[in-house]
Amino acid sequence: MIIEFLGSGGAITTPRPGCRCAVCVEARQHGPPHSRSGPAIFVHGPQLLIDTPEEIKDQLNRAGIEDIQAGVYSHWHPDHTAGSRVWESLNNDWRSLPPRSRCTPVYLPRQVARDFEHRLGLAAKFAYYASLGVVEVHEIADGESFTAGDVRVEVLPLAETYVYAFVLHAAGRRALIAMDELVGWDPPPSARGVDLAIVPMGIPELHPLTGQRLIAAEHPVLAHEATFEQTLAIVSRIGAGRTILTHIEEAFGLRPAELEQVARRLREERGLAIEFAWDGLRVAVD
Ligand SMILES: [Zn+2]
Ligand SMILES: [Zn+2]
């Protein structure tokens, strides 16, 4: 399987409308890897789409993806669900009579399905897509799996139990994909020693190169988001062959070249082999 980062950004994407900071100016000029659209991943092979941020239609067009066999959602937050209408765009047929709409199975982990019932009108939207015949929604119990092509997708609740990570099992290989909200997570055995781990980079409360404070110590975001340092500790416990950090927020103000420097320093000084994602990055797990 090949895993493609459709969007490596977080809740606030880069460039941020109206922002004239150096990172946003470069992103507007040059596009990826400087720009970062919302969090979404596509797994080539099983043709599995993970999350649908508002840019998902453009992301799929840019990546040239024509065939999607399954979808899954990590949690209800709008940066991961605001583009859900993509299922209608992809599958609805307005021309043929009778219509030949396609129908894609969309998997919702148990708590995600519960949250869709009272968050952002998501259950109503998916009931509408189902009534058009463009999706078929399947709920997955915690710790259970579903199958997409030759890949078994294990569904794991995180410590923040409204959010799920996925372990993809294929041909003796394992890839962990956690889209967001790693705070307090102790990875279970099936997530440890994977060939590839993809996790959110967390909040760099201190600039990872200069040590300068970026987020005020008493800022409430630090109470419910993993910091960059906490993320690195979790990454060590996961012990993956290769680790890629994503969900990189505009607010961090970190350029691709600076992130490369952070990765180099972590490798040299702490023996941590990590990389940072960018929009369009493809990684083979075989
Ligand atoms: Zn997010
Ligand atoms: Zn900016």
Side-chain angles (χ1 to χ4, degrees), residues 3 5-42 49-56 59 71-84 86 108-109 111-112 115-116 119-120 122 155-166 176-185 197-204 207 212 214-215 219-228 230-231 234 244-259 276-279 281:
I3 296 176
F5 289 84
L6 298 178
S8 62
I12 307 297
T13 51
T14 309
R16 173 176 175 137
C19 182
R20 295 175 66 181
C21 80
V23 174
C24 287
V25 168
E26 277 179 8
R28 248 172 241 124
Q29 265 172 6
H30 304 296
H34 300 271
S35 63
R36 297 184 186 278
S37 56
I41 282 180
F42 188 73
L49 177 60
I50 305 177
D51 292 346
T52 60
E54 49 267 62
E55 303 93 337
I56 189 66
Q59 292 172 328
V72 67
Y73 283 91
S74 63
H75 64 311
W76 65 270
H77 281 176
D79 53 323
H80 297 255
T81 57
S84 69
V86 71
L108 301 183
Q111 188 56 46
V112 178
D115 291 339
F116 272 29
R119 298 285 193 176
L120 310 176
L122 285 161
V155 169
L156 297 176
L158 297 179
E160 292 279 4
T161 52
Y162 68 98
V163 193
Y164 288 77
F166 309 108
L176 166 71
I177 302 178
M179 299 299 282
D180 207 351
E181 316 292 349
L182 222 51
V183 66
W185 192 46
I198 294 168
V199 299
M201 76 168 280
I203 310 279
H207 192 290
Q212 179 202 345
L214 295 179
I215 313 277
H219 195 288
V221 73
L222 296 177
H224 55 82
E225 299 275 353
T227 63
F228 181 54
Q230 288 166 346
T231 299
I234 295 170
I244 304 177
L245 303 184
T246 187
H247 207 278
I248 300 166
E249 299 282 357
E250 181 268 351
F252 302 162
L254 293 164
R255 297 178 160 104
E258 289 171 312
L259 291 171
F276 289 91
W278 42 274
D279 288 24
L281 172 63

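Atoms within each ligand, like the ligands themselves, are counted from 1 in listed order.
- Angle subtended at the Zn ion (ligand 2) by C19 SG and C21 SG: 100°, rounded to 10 degrees.
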Practice prompt. Report the C-alpha separation of Y73 and F116 in whole Å, then their side-chain angles, then the decisive distance to 0.1 Å, and conclude whether the ring pair (Phe, Tyr, Trp, His ring centres under 6.0 Å) test is met.
Written response: CA-CA 10 Å; Y73 283 91; F116 272 29; 5.7 Å; yes

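- Angle subtended at the Zn ion (ligand 2) by E250 OE2 and C24 SG: 100°, rounded to 10 degrees.
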Fill in: Residue pair H80, T52: steps toward the side-chain contact (heavy atoms from CB on, under 4.5 Å) verdict
CA-CA 5 Å; H80 297 255; T52 60; over 6 Å; no

Discussion item. For a side-chain contact (heavy atoms from CB on, under 4.5 Å) check, start with the C-alpha distance between E225 and L182, then their side-chain angles and the critical distance, and finish with the verdict.
Written reply: CA-CA 7 Å; E225 299 275 353; L182 222 51; over 6 Å; no

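- The closest approach of D79 to the Zn ion (ligand 1), by N/O/S atoms, is made by OD2.
- At the Zn ion (ligand 1), the vertex angle linking NE2 of H247 with NE2 of H80 is 110° (nearest 10 degrees).
- Under the 6.0 Å cut-off for aromatic ring centres, Y162 and H77 qualify, their centroids lying closer than that.
- The Zn ion (ligand 1) is closest to atom OD2 of D180 (considering only N, O or S atoms).
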Item to complete: Apply side-chain contact (heavy atoms from CB on, under 4.5 Å) to L120 and T81, showing your working.
Response: CA-CA 9 Å; L120 310 176; T81 57; 4.1 Å; yes

